[in-house]
Amino acid sequence: MNYWLFKTEPEECSIDDFAKAPDQAIVWEGVRNYQARNFLRDQVRTGDLVFVYHSSCKDIGIAGVAKVVQNSYPDPSQFNSSSPYFDAKSTGTKAPWVAVDLQFVEKFTRLLSLDKLKQSTKLEQLPLVKKGNRLSVMPVSSAEWQHIIKMSQDKGNCDEARETT
DNA sequence: GCCAACGTTGGC
DNA sequence: GCCAACGTTGGC
């Protein structure tokens with residue numbers, strides 16, 4: 001089982017959209033970056049857990065958790081000329097983009113902000129917090145996952161100063 | 001809205 | 001295959 005972080009603009013697909021339909025599989029489509037695509041296609045598997053990260057919005061950060069319920073398959077939006085993700089170069093035999101299906105797991109009681117993630121010395125290797133990073137599907141190590149979960153449950157917000165054990 | 005950082009494109 | 005120009009991402 002692997003851990004991931006997926007970026008989304010909440011106006012498009014937020015943790016609340018998952019929470020509204022907790023029993024439904026939600027199509028995660030529109031990834032149009034090769035590195036992210038390769039992760040989706042080759043490594044993201046049913047049963048993996050995913051942090052849902054809200055970007056390009058007022059409250060930036062990790063909003064909750066989803067799980068993968070369907071391995072990658074051709075992204076239907078690449079064939080849909082009315083979709084913003086339409087790719088005119090995609091044909092039945094040459095369709096570079098893939099989607100996976102996700103399902104709701106939990107919404108954090110409070111969003112874990114990018115600011116807090118950046119403060120944690122334990123997350124320095126996470127591509128998300130690196131300057132200029134644009135990867136929209138990225139692996140999260142088991143240690144990072146546990147730590148982020150812990151931070152999300154810390155009521156008084158995570159005090160990194162007390163982390164020097 | 002700005003703009004730095006990045007990925008992609010296309011001429012050569 | 002190089003690399004300048006361009007378009008996009010995404011925090012601020």
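Below, read A as the first sequence line, B as the second, and so on, with proteins coming before strands; counting in each chain starts at 1.
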[X] [atom1] - [N] [atom2] separation (whole Å):
{"X": "A:N33", "N": "C:dT8", "atom1": "CG", "atom2": "P", "value": "14 Å"}
{"X": "A:L135", "N": "B:dT8", "atom1": "CG", "atom2": "P", "value": "11 Å"}
{"X": "A:K89", "N": "B:dG10", "atom1": "NZ", "atom2": "P", "value": "7 Å"}
{"X": "A:L128", "N": "B:dA5", "atom1": "CG", "atom2": "P", "value": "17 Å"}
{"X": "A:M138", "N": "C:dG10", "atom1": "CE", "atom2": "C1'", "value": "12 Å"}
{"X": "A:L5", "N": "C:dT9", "atom1": "CG", "atom2": "P", "value": "17 Å"}
{"X": "A:N38", "N": "B:dT8", "atom1": "CG", "atom2": "P", "value": "10 Å"}
{"X": "A:D115", "N": "C:dG10", "atom1": "CG", "atom2": "C1'", "value": "15 Å"}

Under 4.0 Å between any heavy atoms, over every strand shown, what does A:S55 touch: base, sugar-phosphate, or nothing? Just pick one.
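Sugar-phosphate only.
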
Using a heavy-atom cut-off of 4.0 Å across all strands, would you classify A:K58 as base, sugar-phosphate, or nothing?
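The answer is nothing, as A:K58 stays clear of every strand by at least 4.0 Å.
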
Closer than 4.0 Å, any side-chain N/O of [X] to the OP1 or OP2 of [N]?
{"X": "A:K131", "N": "B:dA5", "answer": "yes"}
{"X": "A:Y53", "N": "C:dG11", "answer": "yes"}
{"X": "A:K7", "N": "C:dT8", "answer": "no"}

Quick check: does any side chain N or O of A:K7 sit under 3.5 Å from a backbone N or O of A:L135, one acting as donor and the other as acceptor?
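Indeed, once roles are kept as given, a pair shorter than 3.5 Å links the two residues.
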
Show your reasoning for whether side-chain contact (heavy atoms from CB on, under 4.5 Å) applies to A:L114 and A:Y53.
CA-CA 9 Å; A:L114 174 61; A:Y53 174 88; 3.6 Å; yes

Using the side-chain heavy atoms of A:L114, tell me which of these nucleotides is nearest: C:dC12, B:dT9, B:dA4.
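Of C:dC12, B:dT9, B:dA4, C:dC12 is nearest to the side chain of A:L114.
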
Counting side-chain heavy atoms from C-beta on, which of B:dT9, B:dG7, C:dG11 comes nearest to A:I60?
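Selected nucleotide: C:dG11.
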
If you count the non-hydrogen atoms of other residues, nucleotides and ligands that lie under 6.0 Å from CD in A:Q43, is the total more than 12?
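For A:Q43, atom CD is crowded (more than 12 foreign heavy atoms under 6.0 Å).
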
Using the ring of each side chain (for Trp, its six-membered ring), is A:Y3 parallel, tilted or perpendicular to A:W145, with breaks at 30° and 60°?
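A:Y3 and A:W145: parallel rings.
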
ring-ring contact (aromatic ring centres under 6.0 Å, His included) between A:W97 and A:Y73: does it pass, once the steps are laid out?
CA-CA 8 Å; A:W97 309 117; A:Y73 56 92; over 10 Å; no

